[in-house]
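Structure first, then comments.
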There are 2 protein chains.
Amino acid sequence: MSDGALPGPRFRRLGREVRAAMLVEAGMKVLAEGGIRAFTVDNICKVSGASRGLVTHHFGSKDGLLAAVYAAAYRPLLEAIAPEGAEPPELGELVDHLFSPANYTHETLNVWLAIWSEIATGGALRDEHRTLYARYRAVVAGAVAAQAARHGRTVNAEAMAITLIALVDGLWLELCLDPTGMTPESAKAACLALLEPVLGPLGEAA
Amino acid sequence: MSDGALPGPRFRRLGREVRAAMLVEAGMKVLAEGGIRAFTVDNICKVSGASRGLVTHHFGSKDGLLAAVYAAAYRPLLEAIAPEGAEPPELGELVDHLFSPANYTHETLNVWLAIWSEIATGGALRDEHRTLYARYRAVVAGAVAAQAARHGRTVNAEAMAITLIALVDGLWLELCLDPTGMTPESAKAACLALLEPVLGPLGEAA
DNA sequence: TTCCCTGTTGAACGATCATGCAACAAGGAA
DNA sequence: TTCCTTGTTGCATGATCGTTCAACAGGGAA
């Protein structure tokens, strides 16, 4: 009893996907708080409570983990917008989801922002972004087309989807950079103020 | 003549602001091509053709140079939108400027994107951003208010300015991330398609 | 020409980075 | 109980980072 050896196991063995999920979550937290400059193996493992070798062991490299974090950030958005096996939501519900507290979080937005720059400079994330973004845009375009047809308007649904996504992303961005005088509610209201003159009324009155 | 000494001076002495401008330009180029991860003293000095000590000497630190790069990126935008001593442009002209080749460049946009993440995570750039962005928003809000008054519409000019800026930034962002099927012209057209139903016709027919 | 201010250099430094890897041990299987 | 699979550890390594600083030299002033 005089030595410093602690009783019990020194660490816990976890299943492959459990540990991977822990690292992804830690990576997301680090990315949200400190941006891409804080996304280091040391920080991630300290937050996750794991040792430094695990990142390479589970994801091959740090960039592999970053790709997993990106996919994990996209997943809830896509599932909220296009639930599997269910029929696609109306445009009004879709916009509601985009500005819901689940997606419109300061933490989440910082993750997006940090990763966007990596994509723009041609990292390995570029291809994965193209795939996920194409799915995202297709869902939005479908909702836009349905909304337009329901109200007898003729619009270019693809172009309008790009524009709507740009508007949402831009509002996200402004909330990240300077939340002064901005709330999720005002952002959503601003979004609807531009959409409804073109696509007809959204929301419960549909 | 047998030694390797080259004739002529080994370097050129430049004025304080000349050298500083060279470093800022190099920093912008590096930032545009590789994002914040490529924004290193080594890269910057290699591109600029200067030695490593100059960054600290002229800007105090690397972050000081980053702040200067940010201000230098904002300046042409503000000057195009709110030329000093001249009366503010109409909203149509303002939008033209925002999507003009001078501002809507892939290089410029990558610089913005790289710096945005730094601002969002609370770096030293935050205060400078607040100042410059407030000026930017005020100019846009003024143009929006004038446009609305000219066409007898009543809008919340401040909120509409935030929304317009968000839309422009979002379109910039999408062009950075995935230029597929996007051009400055289509982006501008998408922007006008949302604005004109609310604010009346923009452009030459004003 | 000589002098001196100051812009410039580049090596040195310690901190921090991502990754490799051999040893270790947890915990189920037998 | 013993054995073996495999998740885990953490040190070693070499690269790269930002910053410091003493020496250097360009080029105008006198």
Side-chain angles (χ1 to χ4, degrees), chain A residues 3-27 30-31 33-69 114 118 121 123-125, chain B residues 3-27 30-31 33-69 114 118 121 123-125:
Chain A
D3 59 346
L6 294 170
R10 296 201 293 115
F11 60 89
R12 292 213 311 141
R13 286 173 77 94
L14 302 176
R16 196 163 196 80
E17 53 285 329
V18 173
R19 179 69 75 179
M22 288 174 63
L23 288 172
V24 166
E25 190 183 4
V30 159
L31 213 53
E33 289 176 355
I36 197 66
R37 288 163 84 161
F39 191 76
T40 67
V41 175
D42 278 312
N43 279 338
I44 294 160
C45 292
K46 193 176 300 178
V47 169
S48 177
S51 68
R52 295 154 38 75
L54 279 187
V55 169
T56 306
H57 184 255
H58 283 295
F59 295 95
S61 69
K62 195 185 73 163
D63 285 329
L65 174 58
L66 185 62
V69 169
E118 290 298 303
T121 52
L125 286 173
Chain B
D3 60 346
L6 294 170
R10 295 203 294 115
F11 61 89
R12 292 214 313 141
R13 287 172 77 92
L14 303 176
R16 197 163 195 80
E17 51 286 330
V18 173
R19 179 69 75 179
M22 288 174 63
L23 288 172
V24 166
E25 190 183 3
V30 158
L31 214 53
E33 290 176 355
I36 197 67
R37 289 164 82 163
F39 192 77
T40 67
V41 176
D42 279 311
N43 280 338
I44 293 160
C45 291
K46 194 177 299 178
V47 168
S48 177
S51 68
R52 294 156 37 75
L54 280 186
V55 170
T56 306
H57 184 255
H58 284 295
F59 295 95
S61 69
K62 196 187 73 164
D63 284 330
L65 175 58
L66 185 62
V69 169
E118 290 298 304
T121 51
L125 286 174

Heavy-atom check, side chain of B:Cys45 versus side chain of B:Val55, under 4.5 Å: yes

Roughly, in whole Å, what's the span from NZ in A:Lys46 to C1' in D:dG10? 15 Å

Point-to-point distance, once rounded to the nearest 0.5 Å, from CZ of A:Arg52 to OG1 of A:Thr40: 9.0 Å

Please state how far atom CG in A:Asn43 lies from atom P in C:dC17, giving the value in whole angstrom units. 7 Å

Separation of A:Ile44 CD1 from A:Met22 CE (nearest 0.5 Å): 13.5 Å

Reckon A:Phe59 touches a base, only the sugar-phosphate, or nothing at all at heavy-atom distances under 4.0 Å? nothing

D:dG10 phosphate, OP1 or OP2: any side-chain N/O from A:Ser51 under 4.0 angstrom? no

Enter the distance from B:Leu31:CG to B:Leu66:CG here, rounded to the nearest 0.5 Å. 6.5 Å

Tell me, with the steps shown, if B:Val41 and B:Leu65 meet side chain to side chain contact (heavy atoms under 4.5 Å, CB included). CA-CA 10 Å; B:Val41 176; B:Leu65 175 58; over 6 Å; no

Tell me which residues in residues 11-22 of chain A put a heavy atom below 4.0 Å from DNA chain C, sorted by number, or none. A:Phe11, A:Arg13

Interatomic distance, CG@B:Leu23 vs NE2@B:His58, rounded to 0.5 Å, equals 6.5 Å

How long is the gap from NE2 on A:His57 to CZ on A:Arg19, to the nearest 0.5 Å? 11.0 Å

Check the distance between D:dC17's P and B:Arg37's CZ and give it to me in whole angstrom. 12 Å

Could you list, one pair per line, each protein nitrogen or oxygen that sits under 3.5 Å from a nitrogen or oxygen of nucleotides 19-23 of chain D, together with the distance?
unit_1	atom_1	unit_2	atom_2	d
D:dT19	OP2	B:Lys62	N	2.9
D:dT19	O4	B:Arg52	NH2	2.4

Between CG on residue B:Asp63 and CG on residue B:Leu125, distance to nearest 0.5 Å: 7.5 Å

Are A:Arg37 and A:Phe39 close enough that some pair of their side-chain heavy atoms sits under 4.5 Å apart? no

Spacing of A:Leu54 atom CG relative to C:dC24 atom C1', expressed in whole Å: 13 Å

Could you tell me whether B:His58 contacts a base, only the sugar-phosphate backbone, or nothing, with contacts defined as non-hydrogen atoms closer than 4.0 Å? sugar-phosphate

Let me know the distance between CG of A:Leu23 and C1' of D:dT9, rounded to the nearest Å. 14 Å

Without decimals, in angstroms, what is the distance between B:Ile44 CD1 and D:dT16 P? 16 Å

